[in-house]
Amino acid sequence: MPVHNAEIAALFDRLADLLEIEDANPFRVRAYRNAARTIASLGPSVAGLVAAGRDLSELPGIGEAIAEKIAIIVKTGRLPQLAEVEARTPSALAYLMQIDGLGPKRVKALYRQLDIRSFEDLARAARSGKIRELDGFGAKTEAMILQHLDRRLGATQRMRLAEAEDIAAALVDHLRKAPGVKDVSVAGSLRRRKDTVGDLDILVTAARHSRVMRHFVEYDEVTEIVSQGDTRSTVVLRSGLHVDLRVVPQVSFGAALCYFTGSKAHNIAVRRIGVAKGCKVNEYGVFKGAKRIAGRTERDVYATLGLDYIEPEMREDRGEIELAAKGRLPKLVTLDDIRGDLHCHTDLTDGRNTLEEMATAARERGYEYLAVTDHSKHVTVAHGLDKAGLMAAIRRIDRLNARLDGITILKSAEVDILEDGRLDLPDSVLRELDLVVCAVHYKFNLPEKKQTTRILRALDNRHCNILAHPSGRLINVREPYEVDLQAIMTAARERGCFLELNAQPARLDLTDVHCRMAKDMGLKVAISTDAHSTGQLDYMRFGIGQARRGWLEARDVLNTRGLSELRKFLKRV
DNA sequence: GCCGTTTTCGGCCCGACTGTTTTCAGTCG
């Protein structure tokens, strides 16, 4: 059984947690965390790279020692060094650090002095008042621990981007009404367009001594004020979302926006560039000695450090800084580049709007074409179409195209991939379509080899053009199914097929990492909304964000092509 | 443990807020 990248990364993260509790060299701890991050954001499987004899120490943050450890993990599934550490320090202690306010030092003190090894131990000690007696702890810390223990269940899940975006928009509206406020900007992972966000980071510029902090904590959605200072405060909203607000003067806006957008790893890497150039970089600007030499705009900050402007979606320290230094950053795809949508549904199956309503809505968005991809018969919950139903739908589209100006409706279907890899509709009807989108809707839990073979067989059908939502994940609901995406991408490229980046906020499937993998392999991606209503056509922006996180440029995206060029791409090799 | 427009050894990002302190450690982002 191959060891997945995520599992390898988790071993190193766990090792880092426990070493931190043991007060090991913090830079060594960071080295393990960096390695974990590199592995987790790698497209190709590490196990595969090892099997192919590749030298892993070429990867950023991975040297000889960690490369060797990875090889052992791939071979045995275990990291011997982790077992050694766990013999001294119980593995469960790492979980205790999930409690807000408990870091490695305090967890160590709790373990050493009170033998606390679990949430249950922690709750018992806190309730009996033992924690307040420890050095460095007090009554407030004890109360805080109890409070967070109570809330722990269910509160740790990250929120989907779309949901967080709504909550942020309402809060930004509120903040704009504060007297003395100039700019209000959402930063953090929301600005980086990550598929889920852990908390909201909001940056405000305002005159000194403005009342904006008070205005913030008095927002009626606030249920708790975690901390409140002159320039920074943290609150919890009714939704459970934590919000950090930072107030800076306008002269620091760019530097603060960089700092608050992150990611943390990106910030560290940028500041290291600063150190190498004899500057200090912080949220107030770039400083040479005491003199501020940049800070008003993000562009200034990067330029002063010899870097091209880096789009927020790329700021993950995944190689973007090196490219920015060389002036070779990709020009990321934008919403304006999109010429049409290649996956949507109508009320003929499980969509809410009629064919004509969907067509008109697509035209209003400036699209040149819209592929209507109602379900095939096997997807009974969606009232999927059989051959006769689809033939009737095709004729309806022909009639609509004949009288509709300004947009072309492409005849298509989202054809179910059956368990054995055959498609749910016969070739005799598939050949009547402009394009065929195929997807897995049942039997998610096949073993990796079977699932991969199943999909490869579907791609073998000469009518198949696009594989929709290739991993099947539903964020916070269903894990991706076990499948060898590298093999599927290779096969898709060879056959002249494409993979979809499904823009539904709950899917965002392909992931950013897999988009980048597709790009590196020279495989184009279709960014599609899978809209089930006219309004959902606007989900395209989530797909664009994810594509940009995967470094996709317009040329890497199928539906940035005009109709005639698109038709050429849909002729399989 | 990683890494190199100063380096193969000696560095490794930077600041705000809190609680328990009487000048700072711990945590967080």
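It should be emphasised that the depicted structure is a prediction, and the values quoted were computed from it without experimental measurement. Chain letters run A, B, ... following the sequence lines, proteins first and then strands; every chain starts at 1.
Across the P atoms, dC9(B) and dC14(B) are found 25 Å apart, a figure rounded to whole Å. Distance noted for atom P between dC28(B) and dT23(B): 25 Å (whole Å). Using atom C1' as the reference point in both dC17(B) and dT7(B), the two lie 37 Å apart (nearest Å). Distance noted for atom P between dC12(B) and dT5(B): 16 Å (whole Å). Going from the C1' atom of dT20(B) to that of dA25(B) covers 10 Å, rounded to whole Å. dT21(B) and dG26(B) have their C1' atoms separated by 12 Å, with the value rounded to a whole Å. Between dC2(B) and dT8(B), the two C1' atoms lie 12 Å apart (nearest whole Å). Atom C1' of dG11(B) sits at a distance of 26 Å from the matching atom of dA16(B), rounded to the whole Å.
Salt bridge present: R541(A) and E165(A) bring a charged side-chain N and a carboxylate O closer than 4.0 Å. Taking the charged nitrogens against the carboxylate oxygens, D195(A) and R160(A) have no contact shorter than 4.0 Å, which rules out a salt bridge. The residues R192(A) and D512(A) are annotated as not salt-bridged, no charged nitrogen and carboxylate oxygen being separated by less than 4.0 angstrom. A salt bridge does not link E316(A) to R37(A): none of the charged side-chain nitrogens sits closer than 4.0 Å to a carboxylate oxygen.
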Study note, to complete from the structure: Reading nucleotides 13-22 of chain B from 5' to 3' and marking B where a protein heavy atom lies under 4.0 Å of the base, S where only the sugar-phosphate is that close, and - otherwise, the string is BBSSSSSS--
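Spacing between atom CG of D317(A) and atom C1' of dC2(B) amounts to 13 Å, rounded to whole angstrom units. Rounding to whole angstrom units, CG of residue L19(A) and P of dG1(B) are separated by 9 Å. Rounding to whole angstrom units, CD of residue E20(A) and P of dG26(B) are separated by 12 Å. Between the CE atom of M144(A) and the C1' atom of dC28(B) there is a distance of 12 Å, rounded to whole Å. If you take NE2 of H266(A) and P of dG29(B), they are 19 Å apart, rounded to a whole angstrom. A straight line from CZ of R33(A) to C1' of dG1(B) spans 14 Å, rounded to a whole angstrom. Distance CD (E64(A)) to C1' (dG1(B)): 12 Å, rounded to an integer number of Å. When the P atom of dG26(B) is taken as reference, atom CG of D100(A) falls 18 Å away, rounded to whole Å.
Side-chain atoms of S185(A) and R191(A) include no donor-acceptor pair closer than 3.5 Å. Side-chain contact annotation: D244(A) with T234(A), donor-acceptor N/O pair under 3.5 Å present.
Across all strands shown, K69(A) has heavy atoms under 4.0 Å from sugar-phosphate atoms exclusively, and none from any base. Residue-level contact check: N34(A) touches neither bases nor backbone, having no heavy atom under 4.0 Å from any strand. Nucleic acid contact for P60(A): sugar-phosphate only, since backbone atoms but no base atoms lie under 4.0 Å from a heavy atom of the residue.
Shown here, dT8(B) forms no base pair; nothing in the strands shown gives a Watson-Crick or G-U wobble contact with both key distances under 3.5 Å.
In the interface, the side chain of N25(A) is paired with the base of dG1(B) through a donor and an acceptor atom under 3.5 Å apart.
The distance from atom CE of M521(A) to atom CG of L485(A), rounded to the nearest 0.5 Å, is 10.0 Å.
Atom NZ of K182(A) has more than 12 neighbouring heavy atoms from other residues, nucleotides or ligands inside a 6.0 Å radius.
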